[in-house]
Amino acid sequence: MLDELDRKILLMISEDARVPFLEVARACNVSGAAIHQRIQKLTSQGVIKGSQFIINPEKTGYATCAYLGLKMKNPSDIDHVLEGLQELREVVECHYTMSEFDLLVKVYAKDHHHLLSLVQNEIQPLGLVCCKTILSFGSVINRQIPMSHLSDDEMQ
């Protein structure tokens with residue numbers, strides 16, 4: 001169970017992952033060592049999954065974002081399909097779904113020709129019945145669950 005100090009820490013680091021521990025400590029009125037220990041505890045509990053720099057794909061040559069709904073020929077081949085998707089650097093997310101598709105995959109491609117090649121030559125041969133492609137024209141909401149709105153019950 002998370003206490004009030006954990007919530008304050010999560011709120012601050014969710015707003016700015018680069019905030020110095022000493023600044024968090026001052027805001028929470030505890031020592032820097034206490035913040036460090038709490039963050040280690042939250043990480044070991046799986047509450048915090050890590051931190052990273054977010055790189056803009058467009059600035060690195062990957063201007064086309066698409067979501068692919070994948071339906072497998074044989075659902076028992078899921079491990080083979082997932083291994084194949086894992087090998088493709090253009091695949092950045094993959095989710096199991098309960099819909100007409102078995103998997104929802106987010107990919108970045110250099111352009112539409114690259115996307116077509118990726119789908120036809122790399123993804124379809126993994127053993128799919130169907131691959132529905134939805135192009136993204138841009139992300140309008142991209143955020144984590146806000147920590148400031150969670151109640152005590154939700155933080156357990």
Side-chain angles (χ1 to χ4, degrees), residues 1-3 6-7 9-21 24 35-151 153-156:
M1 181 168 169
L2 303 177
D3 63 16
D6 292 332
R7 281 192 283 283
I9 294 168
L10 290 173
L11 177 62
M12 288 189 73
I13 66 173
S14 69
E15 290 174 353
D16 178 7
R18 298 180 73 184
V19 63
F21 285 0
V24 176
I35 296 301
H36 184 72
Q37 289 173 348
R38 287 293 183 114
I39 288 181
Q40 282 184 324
K41 177 191 86 166
L42 293 167
T43 301
S44 68
Q45 291 176 337
V47 176
I48 298 172
K49 290 187 173 185
S51 61
Q52 61 188 6
F53 287 98
I54 307 299
I55 298 168
N56 183 343
E58 287 184 36
K59 300 290 185 183
T60 62
Y62 287 81
T64 300
C65 176
Y67 292 87
L68 310 176
L70 306 181
K71 179 118 180 111
M72 296 181 291
K73 285 181 187 173
N74 186 352
S76 65
D77 290 340
I78 187 85
D79 290 337
H80 168 72
V81 172
L82 292 174
E83 287 171 13
L85 293 172
Q86 183 72 35
E87 304 254 336
L88 300 172
R89 70 178 171 272
E90 296 90 347
V91 173
V92 297
E93 288 184 36
C94 181
H95 301 267
Y96 294 113
T97 65
M98 293 182 69
S99 70
E100 64 182 289
F101 302 108
D102 299 306
L103 299 169
L104 180 65
V105 178
K106 181 178 181 180
V107 299
Y108 282 99
K110 293 177 181 178
D111 53 33
H112 292 91
H113 298 290
H114 180 207
L115 178 61
L116 179 62
S117 174
L118 181 66
V119 170
Q120 288 182 333
N121 301 324
E122 304 290 338
I123 296 175
Q124 282 283 29
L126 294 175
L128 305 176
V129 172
C130 173
C131 175
K132 182 174 185 175
T133 304
I134 303 168
L135 288 177
S136 170
F137 295 117
S139 175
V140 291
I141 299 174
N142 187 355
R143 62 182 174 211
Q144 294 192 46
I145 296 294
M147 295 294 106
S148 60
H149 301 301
L150 294 178
S151 67
D153 294 338
E154 293 171 313
M155 294 295 283
Q156 297 179 14

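Throughout, numbering of the chain's residues begins at 1 and tracks the sequence.
Atoms CD and CG, on Gln120 and Leu116 in that order, are 4.0 Å from each other to the nearest 0.5 Å. Going from atom NE2 of His112 over to atom CG of Leu118 covers 13.0 Å, rounded to the nearest 0.5 Å. Distance check, rounded to the nearest 0.5 Å: CZ of Phe101 to NE2 of His95 gives 15.0 Å. Rounded to the nearest 0.5 Å, atoms CG (Leu82) and CG (Asp77) are 10.5 Å apart. Between the CG atom of Leu10 and the CD1 atom of Ile48 there is a distance of 5.5 Å, given to the nearest 0.5 Å. Considering OG1 of Thr64 and CZ of Phe137, their distance stands at 10.0 Å, rounded to 0.5 Å.
Here the shortest heavy-atom pairing between Ile123 and Leu128 reads O-CD1, 3.4 Å. Considering every non-hydrogen atom in both Leu103 and Thr97, the closest pair reads N-OG1, 4.0 Å. Nearest heavy atoms, Ser136 versus Tyr67: CB-CE1, 4.1 Å. Val119 and Pro125 get closest at one heavy-atom pair: O-CD, 4.2 Å. Lys73 and Val129 get closest at one heavy-atom pair: CA-CG2, 3.3 Å. In terms of heavy atoms, Cys65 sits closest to Lys106 at SG-CE, 3.7 Å.
If you run side chain to side chain contact (heavy atoms under 4.5 Å, CB included) between Cys130 and each of Lys71, Gln124, Met72, only Lys71 comes through.
Side-chain contact between Thr60 and Asn56 is absent, with no heavy atoms from C-beta onward closer than 4.5 Å. The shortest side-chain heavy-atom distance between Leu70 and Leu85 falls under the 4.5 Å cut-off. Taking 4.5 Å as the limit, every side-chain heavy atom of Arg38 sits out of range of all side-chain heavy atoms of Phe21.
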Determine, stepwise, if the pair Tyr96 / Ile78 fulfils side chain to side chain contact (heavy atoms under 4.5 Å, CB included).
CA-CA 10 Å; Tyr96 294 113; Ile78 187 85; 3.9 Å; yes
Run the numbers on Glu90 and Glu122 for side chain to side chain contact (heavy atoms under 4.5 Å, CB included), then give the verdict.
CA-CA 11 Å; Glu90 296 90 347; Glu122 304 290 338; over 6 Å; no
For side chain to side chain contact (heavy atoms under 4.5 Å, CB included), just list the numbers for Val107 and Leu88, CA-CA rounded to whole Å, side-chain angles, deciding distance to a tenth of an Å, and then say yes or no.
CA-CA 9 Å; Val107 299; Leu88 300 172; over 6 Å; no
Could you go through the side chain to side chain contact (heavy atoms under 4.5 Å, CB included) check for Leu68 and Val91 one step at a time?
CA-CA 10 Å; Leu68 310 176; Val91 173; over 6 Å; no
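Counted within 6.0 Å of CD on Gln86, heavy atoms from surrounding residues, nucleotides or ligands total 12 or fewer; the atom is thus considered open. Atom CD of Glu93 is surrounded by more than 12 heavy atoms from other residues, nucleotides or ligands within 6.0 Å. Other residues, nucleotides and ligands contribute over 12 non-hydrogen atoms within 6.0 Å of the CG atom of Leu135.
Between the side chain of Ser117 and the backbone N or O of His113, no donor-acceptor pair lies under 3.5 Å.
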